[in-house]
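Structure first, commentary second.
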Amino acid sequence: MTDAQSRDSGTPDLLREEVRLLGAVLGDVIREAGGQDLYDRIEAVRRASVAYHRDGADTRDASELERLLAGLSSEQAVGLTHGFAVFSLLANVAEDREARRRAREAEGHRAAPDDRQDTPEAALAWLSGDGADRKAVIDILARGLISPVLTAHPSEVRRKSVLDRIAALSALLDGRGEGQGPGPALRRQVFLLWATRLVRTSGLVVQDEIDTVVSFLEQVFLEAVPEHLNAWRTRLNAPELKPFLTVGSWVGGDRDGNPNVDASVMEAAFRTQTRAALGAYLESVHALGAELSLSDALIDPGPALMALSDTSGDTSPHREGEPFRRALSHIYARLAADYRSKVGSPPPRPAGFAAEPYGRPEPFIADLKVLRDSLLATDARAFTDDALSRLIDRVEAFGFHLAVLDMRQNADVHERVVADLFRVAGVADDYDTRDEAGRMALLRAELASRRPLFVPGAPDYAEETLKERAILMAAADAIGTFGPDAIRTYIVSKTESPSDLLEVYLVLKEVGLFDPQRPETCPIQAVPLFETITDLQAAPATLRALMAEPAPLALARARSVQEVMIGYSDSNKDGSYLTSTWELNHASRALRDVAREAGVGLQLFHGRGGAVGRGGGSSFSGVVAQPRGTVEGRIRVTEQGEVIANKYGEPGVARRNLDALTSGVILASLRRESGEGPAERHGALISRLSEASMQAYRALVYETDGFIDYFRAATPISELSELKIGSRPASRSASTRIEDLRAIPWVFSWSQSRVMLPGWFGFGSALATLDDAEVDTLKGLVGDWPFLTTLIQNMEMVMAKSDMAVARRYASLVPDRALADDIHGRIAAEWQLTHDAVMRLTGQTSLLERQPELARLIQLRLPYIEPLNHVQVELIRRRRAGDDDPAVREGILVALNGIAAGLRNSG
């Protein structure tokens, strides 16, 4: 693999050298472990793949590639796919290190005000040039909320063991000097990665997903969030700035479509999170006890610390005259008691004596602040930013529960549960058949009464009702144990009307979380999730009707905001990338206005995925592109699957991504625009473009006879279900309709076949409907309007990763050749039309011409992804023809893994 650099001549020298080094080491490992024959075969396939890419499918090179692949035994195919998949992982390691190098070089360099890079320095410089001062930034962050929310959506194909091996290799490379040759340690790490199984042999359960998310929280966020906060305090000279970034999680609270999440799972999620949080705090307190050996004979600790020390219960003579250590012994003992009571087992390092638990984090923080105030009074410069200050920041940001857990369920489930409650209680037998007015009348009446509906011991409740009640009781217990920050949000999927939200408050009332006499005290806010195009278009009317109800309005005013979640995935699957993006923008502006009418703020929760077809792309650009007035310092964003490891795999990388997110928020909140914005001035034009895009997209996806057959044959959708990357089903039902397929496998499958259809299809046809003057208007907006700029850049990225020649090989899997030629031909024609449209709007001569670094990085990966595509097609062909050799299945899954890892944002 050492000569596999045919398309990366423009990459930075260090990156190119590091990829070459890792490739050379892997080549040696393959020769040693797999044999010279395997190595030679890998090189032959790689060369044929490069020729196929360069010359097209109708040449002798295509025949040579097909000959090589057809001649592979199943075992040889597995070895080949494993080799290319491992190299994709190694190339990613080198790429990530190059990104970190560039970020380090950028630190400390003040960008020009018009640069708008995703760094704090650039953002603050641009804001200063726009007239926003430091105080305005501080005010936004002081009242703001920035929250990445980690989900278990199944798009991470890499096993945790593989991620661990990658982390170890990356750490080793970080410790080496630049330009060093291979050594035994490097060879050992590459060999360990090569010898590690890439695909899972058994499916995940929810506890696996809990453990994975908590590992990121524990190993990365607990360190990165306080460092991120302290860095912003330093930049803004605002030492009193409180934590404004909160990490959320869906794992253990998201039941939508996942029957495996129940009350016991939610309890396990909190138990696992608490074990990590309290374990980390205990270690910090223990380390402080070793460090703070100050003697009261040499310093004056002050009366507050002496009181805490004197009442500590620590009678050890070894700590006589050491008030800080005595106080910390007391703090440790109390925290250890919390660990035992909340986790259900003793802490790893027991306390020296028994003490009462804190119960909540507030008194723990108060005790820590007594120590900090004493140290500051002794020597303020020495202890302004120390381990104790970081611990206080950590506890204020994470509490005892570590992450805020969201609840999510489908509106259809609530409808059935409420109907069941009404039926058994004798209130109404026809709730589920009533119209919206009839349902609202019943819900209002019951929400005004403290009388519970649930009848203990009644024998005829549906199992679903009992399961939902149990998880709500677990939520009530969690809030009672950890406080109101443990669970703050209840997301309602498939929201279509205000009754969908009132049903949530009704079931919360049943477990004591909603008080009809004081609705504003409810610790959980019902949040509508608008996902499809139709839902997004109806969203403003639904929110307006909800805000007309006294209880939800009272709670929103008490919080100052009503949260609304908007979904990128289903709206894209429903109507095309352009239409989804525009309808999200349009709905956000309309929802902002409805919230203002109600006298509350709007807090948008963006349901973004990893792939562009699911809202992916640069988080910074995505936030900056939000309509004015829709951020105002507050935003929540889902992070999931492969994105979590890529963006938050280590503290330094996490800090840079958190900085980018924060920079985007302050820019979106404070940028000044006079008069109408581009969305208002040119909204009619974009709406017509959106409508044309949706028509072209739906004409192919929903109105073409045989399209579903083409999709299921020309992509690895059926094989994807065997990859075992999540705990929930791929489809919402047994139906084969696209409408019932989840967005992740929809996008993932098109990524694997290198079509990337959800990220661009329809745009070219849409632009073709405009006249020259209208196109010129759009050309003038590209680069000046963040919405349009980001949209074009994201399309360019996915189109650069697509390949219609490779897609043609997948189309050859379709049994009906006429159908295959017709649909692939239409897709390829639209790709060319969209490519030309992008070139016309941007004035470029090639995709990503103005993003050369990204273009080079993508080109660096392709020589190692494309052979996997070709082998995957061959193995799928064999399996679908009846070859049940387990090695064939293994090769397909390894190829799925390697392609996804190489593309990096496939789901």
Side-chain angles (χ1 to χ4, degrees), residues 52 56-59 62-63 65-66 69-70 572-577 613 693-722 730-731 734-743 745-766 768 798-799 802-835 866 869-883 888 892 895-896 899:
Y52 182 95
D58 299 323
T59 68
S63 299
L65 178 63
E66 291 170 359
L69 296 176
N572 184 295
K573 184 163 69 76
D574 195 25
S576 84
Y577 176 59
S693 176
M694 183 169 178
Q695 287 178 2
Y697 173 86
R698 291 192 67 86
L700 175 73
V701 174
Y702 293 99
E703 298 166 14
T704 298
D705 290 339
F707 181 83
I708 186 64
D709 298 324
Y710 177 91
F711 167 65
R712 292 196 171 276
T715 75
I717 178 65
S718 58
E719 290 76 15
L720 181 60
S721 63
E722 300 183 51
S731 290
S735 166
T736 60
R737 299 190 321 149
I738 291 173
E739 291 90 336
D740 296 320
L741 181 69
R742 291 190 180 278
W746 167 256
V747 174
F748 204 113
S749 299
W750 287 116
S751 299
Q752 288 282 314
S753 61
R754 301 293 298 284
V755 179
M756 308 287 186
L757 182 142
W760 57 268
F761 194 94
F763 185 80
S765 290
V798 293
M799 294 185 75
S802 66
D803 190 306
M804 291 300 107
V806 173
R808 187 185 301 122
R809 285 188 59 80
Y810 282 88
S812 72
L813 295 170
V814 180
D816 185 336
R817 294 309 311 148
L819 178 68
D821 291 343
D822 175 53
I823 293 183
H824 174 76
R826 289 172 63 182
I827 292 172
E830 180 67 23
W831 188 96
Q832 190 62 52
L833 197 61
T834 300
H835 171 275
E866 288 171 5
N869 288 121
H870 296 305
V871 178
Q872 185 185 76
V873 170
E874 173 63 25
L875 295 180
I876 290 174
R877 193 187 315 278
R878 295 183 192 181
R879 192 166 194 220
R880 292 179 184 176
D883 189 341
V888 172
I892 293 171
L896 282 165
I899 294 166

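Starting from 1, each residue takes its place in the sequence as its number. All values below come from the heavy atoms of this structure, side chains included, with hydrogens, waters and symmetry mates left out.
Considering only residues two or more places apart in sequence or on other chains, Y810 meets the side chain to side chain donor-acceptor pair (under 3.5 Å) condition with N869, Q872. Every side chain to side chain donor-acceptor pair (under 3.5 Å) that S693 has, sequence neighbours left out, goes to S576. By the side-chain contact (heavy atoms from CB on, under 4.5 Å) test, A768 pairs with no residue at all, sequence neighbours left out. Scanning for side-chain contact (heavy atoms from CB on, under 4.5 Å) contacts around L833 gives S765, E830, with sequence neighbours left out. Evaluation of the ring-ring contact (aromatic ring centres under 6.0 Å, His included) rule for H835 yields W831 as partners, not counting sequence neighbours.
Rounding to the nearest 0.5 Å places CH2 of W746 at 6.0 Å from CG of L757. Residue I717 holds its CD1 atom at 10.5 Å from CD of Q752, rounded to the nearest 0.5 Å. Distance check, rounded to the nearest 0.5 Å: CZ of R698 to CD of E703 gives 6.5 Å. With values rounded to the nearest 0.5 angstrom, E874 atom CD is found 4.5 Å from R878 atom CZ. Atoms CD and CE, from Q832 and M804 in turn, are 10.0 Å apart once rounded to the nearest 0.5 Å. Taking CG from D705 and CD1 from I823, the interatomic distance works out to 9.0 Å, rounded to the nearest 0.5 Å.
Residues R880 and T715 come closest through the heavy atom pair NH2-O, 3.1 Å. Of all non-hydrogen atoms in Y710 and I827, the two that sit nearest each other are CE2-CD1, 4.1 Å. The minimum heavy-atom distance linking I738 with K573 is given by the pair O-NZ, 2.8 Å. When all heavy atoms of E719 and L896 are compared, the closest pair comes out as O-CD1, 4.1 Å. Considering every non-hydrogen atom in both S749 and P716, the closest pair reads O-CD, 3.9 Å. The shortest heavy-atom contact between V755 and W760 is O-NE1, 2.9 Å.
Put simply, the side chain of R808 never gets that close to the backbone of D803: no donor and acceptor are under 3.5 Å apart. In this structure a side-chain-to-backbone donor-acceptor pair under 3.5 Å is missing from Y702 to Y697. In terms of modelled atom types and a separation under 3.5 Å, the side chain of T704 and the main chain of A699 share a donor-acceptor contact.
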The test is side chain to side chain contact (heavy atoms under 4.5 Å, CB included); show your working for L741 and F711 and say whether it passes. CA-CA 12 Å; L741 181 69; F711 167 65; 3.8 Å; yes

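Contact annotation: the side chain of F707 approaches that of V701 to within less than 4.5 Å [non-hydrogen atoms, C-beta and beyond]. You'll find the side chain of D822 reaches within 4.5 Å of the side chain of R826, heavy atoms only. With a 4.5 Å cut-off on side-chain heavy atoms, W750 and V798 do not count as touching.
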Only pairs under 3.5 Å count here: list side-chain donor-acceptor contacts from residues 811-820, not counting sequence neighbours, and write none if there are none.
| from | atom 1 | to | atom 2 | distance (Å) |
| --- | --- | --- | --- | --- |
| S812 | OG | R809 | O | 2.4 |
| S812 | OG | R877 | NH2 | 3.0 |
| D816 | OD1 | A818 | N | 3.1 |
| D816 | OD1 | L819 | N | 3.1 |
| R817 | NH1 | A811 | O | 3.1 |
| R817 | NH1 | V814 | O | 3.3 |
| R817 | NH2 | D821 | OD1 | 3.4 |

